[in-house]
Visitor: 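Below are the structure tokens for one structure; questions will follow.
By convention in this document, chain letters (A, B, ...) are assigned in the order of the sequence lines, proteins followed by strands, and residues within each chain are numbered from 1.
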Amino acid sequence: MNILVVLVPLALLLGAFFLGYFLWANHKGQFDDLETPAVKILNDDDAIKGEHR
Amino acid sequence: MSEHKYLLHVNGITCANCIKKLEDTEGYPESVGSARVYFGQSLLEIQSSDPIEQDVLLEKIKQLGFKAEILENQQQGFQANKKENRARLAKLGVAGFCAGNIMLATIPLYTGVENLYKTAFAYMSFLLFLPILFYSSLDFYKNAWNSLKSKNLSIDLPISIAVIFGFLFSTWNLITGHSDFLYYDSTASFLFLILGVRFLLNKLQQNYIATYSETDFGLKGTYQVNGISQTKEAIQIGDRIVLTQGQTLPVKSKVLTDNVEWNLSLMSGEGYPRSYHSEMEIESGAVLISDLCQLTSLETYGDSRILGIQTSLEELKKSKGEFVQFTDRFSHYFVMTVFSIAILFFAYYAQVDAFEAFQRSLALLIVACPCALALGTPLAYLLGVYRAKKAGILIYKKDIFDRILEVKNIFFDKTGTLTKGILEISSVSDNDPKWINIILNLEAKSNHPVAFALRKKYGNLFTPLKIGAQERTGTGVTGLLGSDHFEFIKNSDQSSMSSSLFCNGKEVLNVQFKDSLWDDTKEELDKTLDVNIYLLTGDKAEVANSIAVACGIKNVLSDHSPEMKLEIIDAHQPALMIGDGLNDALALQKAHVGIAVQGSVQLSAESSDAYFLKSGISQLRVLHNISQSVRATVFSNLGISLVYNFIAGALALAGYINPLVAAILMPISSVLILFNTLRGVR
């Protein structure tokens with residue numbers, strides 16, 4: 001049972017990390033629009049454009 | 001450095017390439033820092049360090065191959081929605097994390113850990129509940145407080161009470177060492193569910209911003225006034241205005257050009273073009289069909305009828321009281337009942353055992369959380385809105401589901417709603433391709449509605465001839481083919497519309513035009529709804545009657561101005577109005593249920609409760625069906641919740657509710673409600 005003293009806080013920390021990450025992403029507007037990025041991914045010529053410059 | 005943001009509605013964003021083109025900042029003025037496309041809503045958001053001229057921006061987007069329109073009024077709402085959504089999502093995320101981990105901590109408590117571990121897990125769930133109490137539930141407190149102030153107890157009040165008292169009660173038990181009596185887990189997971197449903201409902205409704213903005217009534221931009229281009233506000237009485245094709249007249253004016261044709265449908269709903277001669281007066285809101293027209297203004301824009309309608313529309317919007325939904329009234333009584341019972345019980349049982357009486361009354365307040373109202377109703381509306389969207393109906397105000405079932409009278413606008421609002425050929429006296437081809441050649445370069453109708457029907461018969469066609473504005477076209485002189489001119493008849501082809505002064509062919517019904521109009525009206533159906537139009541009696549006969553409507557109200565339409569609606573409440581024109585906007589706003597149809601002008605769409613994406617009226621029935629299933633679901637949810645609350649309430653007062661029972665009972669009722677709702681609104 002003693003291992004719980006390590007495991008439970010660890011689990012909470014891990015969870016808190018992901019929660020923080022989620023809140024950060026939300027704050028940056030990553031979830032404002034879920035449709036456009038799904039369509040945009042079909043366009044893969046960003047790399048080619050980079051070479052031209 | 002100040003930021004300037006522009007929100008635009010762009011037509012024709014269909015693929016990844018469109019997005020790429022529009023988001024590439026090279027296409028815009030230098031000051032533009034970023035351009036972002038919202039694909040689902042066809043919106044483009046542009047941020048710039050310096051202000052950009054609207055015309056310049058629109059021109060740039062036009063060069064990219066898109067038609068755009070700047071949404072000035074929605075800009076702020078859009079930003080506010082974005083902010084609100086982020087805040088809601090953050091609260092939901094925090095609640096999810098905490099609720100999940102509270103449950104993790106609570107399971108050992110239920111399964112019987114002992115001593116130090118028990119205390120540790122109990123305090124862990126206490127700590128994890130704090131973010132829910134002080135952050136995620138803030139909106140509930142705010143709404144509850146507002147509802148207390150307005151004396152209309154909303155469902156957020158019992159939710160707030162469950163959260164706050166659940167916390168106080170559990171914490172007090174925790175401190176005094178009764179850590180078997182903690183309600184953190186059931187309260188937290190319940191709250192998480194409610195937040196989730198509310199977030200989705202909110203988001204789905206916001207998605208409709210600007211979907212209706214594809215048409216305005218052409219009053220934007222500048223006008224040629226006294227030889228210089230000016231805005232409509234700058235027009236003074238007696239100014240000379242030159243209008244070009246497609247422009248909307250902003251002020252009442254005197255016509256100075258002979259034989260100009262106008263489309264009056266915006267203000268009157270009249271389907272056929274009308275010719276005006278010089279010296280005649282014409283109302284604001286008319287759209288010019290002919291190439292050019294000179295006018296003298298008789299009023300300023302501030303006094304114009306078109307602005308008057310907009311102003312009274314604003315006033316109507318403000319004066320429209322909030323519709324109290326059935327569920328709101330129900331929750332009002334529900335909250336009062338639960339409170340009364342809790343207080344009465346406490347007063348009675350306190351004589352026996354004051355502490356136990358307090359415990360049990362609190363337990364009642366906590367378990368009697370109304371799942372059906374807090375969870376089931378928003379979810380039912382959410383599914384209703386979603387189902388409507390899939391059927392091509394955008395719901396702006398979700399209480400339309402309740403309102404539409406109360407409607408006793410239905411009013412249809414004619415042009416654009418029952419009919420297509422464009423001319424079609426109804427009959428031709430002679431089908432000889434030779435004559436038809438001559439007409440087509442005469443009309444070949446014309447932008448007149450008649451020409452479009454002809455091209456649509458006989459486009460395949462067209463073979464070019466050397467005909468010197470000349471458009472004689474307001475009457476028709478003339479031309480010379482060899483030595484023969486042809487004329488295709490309008491017959492002077494107000495009730496119908498027909499034109500004849502003359503060859504050297506002799507009539508050889510007559511074409512009748514009509515504004516035809518949508519294919520399904522008659523069919524839909526035939527399936528009688530249990531209400532009175534009216535045709536309410538600004539058009540002439542003859543035209544209105546023929547349409548009414550064609551689709552079997554018995555009550556016809558023709559020749560009605562926008563203001564008269566408003567009065568009619570007011571006298572026939574609860575009424576449902578379906579329309580599209582500016583002339584319907586007042587009526588749509590006033591009606592118990594106002595529905596705008598595809599192609600509506602923006603003001604009408606903004607005044608309505610729902611918007612049909614498909615033309616015609618077939619979706620009225622669909623909407624009605626959805627409303628019925630939403631209501632049935634809401635009612636059966638209330639039934640389930642009454643049974644649940646009766647049982648749980650009795651158990652609480654009898655002292656049988658402990659955290660384990662609550663942890664089992666509350667999710668069971670939530671799941672029952674969820675399941676019933678999902679099954680009900682499919």
Visitor: Who in residues 134-142 of chain B is close to chain A, using a strict under-4.5 Å heavy-atom cut-off?
Guide: none
Visitor: Between A:Phe22 and chain B, with a heavy-atom cut-off of 4.5 Å, which part of the residue counts as in contact: side chain, backbone, both or neither?
Guide: side chain
Visitor: Let me know if B:Tyr38 has heavy atoms under 4.5 Å from chain A in its side chain, its backbone, both or neither.
Guide: both
Visitor: Where on B:Leu89 is there a heavy atom nearer than 4.5 Å to chain A: the side chain, the backbone, both, or neither?
Guide: both
Visitor: Heavy-atom distance under 4.5 Å to chain B: side chain of A:Ala38, backbone, both or neither?
Guide: neither
Visitor: A:Leu12 versus chain B, heavy atoms under 4.5 Å apart: side chain, backbone, both or neither?
Guide: both
Visitor: Side chain, backbone, both or neither: which part of B:Leu104 has an atom under 4.5 Å from a heavy atom of chain A?
Guide: neither
Visitor: Could you tell me whether B:Glu45 and B:Lys82 have a side-chain N and a carboxylate O separated by less than 4.0 Å?
Guide: yes
Visitor: Is A:Asp33 reaching over with its side chain to a backbone N or O of A:Glu35, donor-acceptor style, under 3.5 angstrom?
Guide: yes
Visitor: Do any N or O atoms from the side chain of B:Ser189 and from the backbone of B:Ala99 form a donor-acceptor pair under 3.5 angstrom?
Guide: no
Visitor: Report the residue from B:Leu182, B:Ile107, B:Leu128 that forms a side chain to side chain contact (heavy atoms under 4.5 Å, CB included) with B:Ile102.
Guide: B:Leu128
Visitor: Working note: B:Leu44 + B:Leu7, criterion side-chain contact (heavy atoms from CB on, under 4.5 Å); need CA distance, chi angles, decisive distance, verdict.
Guide: CA-CA 6 Å; B:Leu44 173 67; B:Leu7 186 68; over 6 Å; no
Visitor: Start with the C-alpha gap between B:Ile194 and B:Phe190, add the side-chain angles, then the distance that decides, and say whether side-chain contact (heavy atoms from CB on, under 4.5 Å) holds.
Guide: CA-CA 6 Å; B:Ile194 297 178; B:Phe190 176 65; 3.3 Å; yes
Visitor: B:Asn85 and B:Phe199: which non-hydrogen atoms are nearest, and at how many Å?
Guide: O-CE1, 3.7 Å
Visitor: Whether the side chain of B:Thr187 engages the backbone of B:Val163 through a donor-acceptor N/O pair (distance < 3.5 Å, no angle test) should be reported.
Guide: no
Visitor: Would you mind checking which part of B:Cys18 comes under 4.5 Å of any heavy atom in chain A, side chain (CB onward), backbone (N, CA, C, O), both or neither?
Guide: neither
Visitor: Output yes when a side-chain donor or acceptor of A:Asn26 lies under 3.5 Å from a complementary backbone atom of B:Arg86, and no otherwise.
Guide: yes
Visitor: Which one wins on heavy-atom pair count under 4.5 Å against chain A: B:Gly93, B:Gly96, B:Ala90, B:Ala16?
Guide: B:Ala16
Visitor: Taking atom types as modelled and ignoring hydrogens, do the side chains of B:Ser48 and B:Ser31 form a donor-acceptor contact shorter than 3.5 angstrom?
Guide: yes
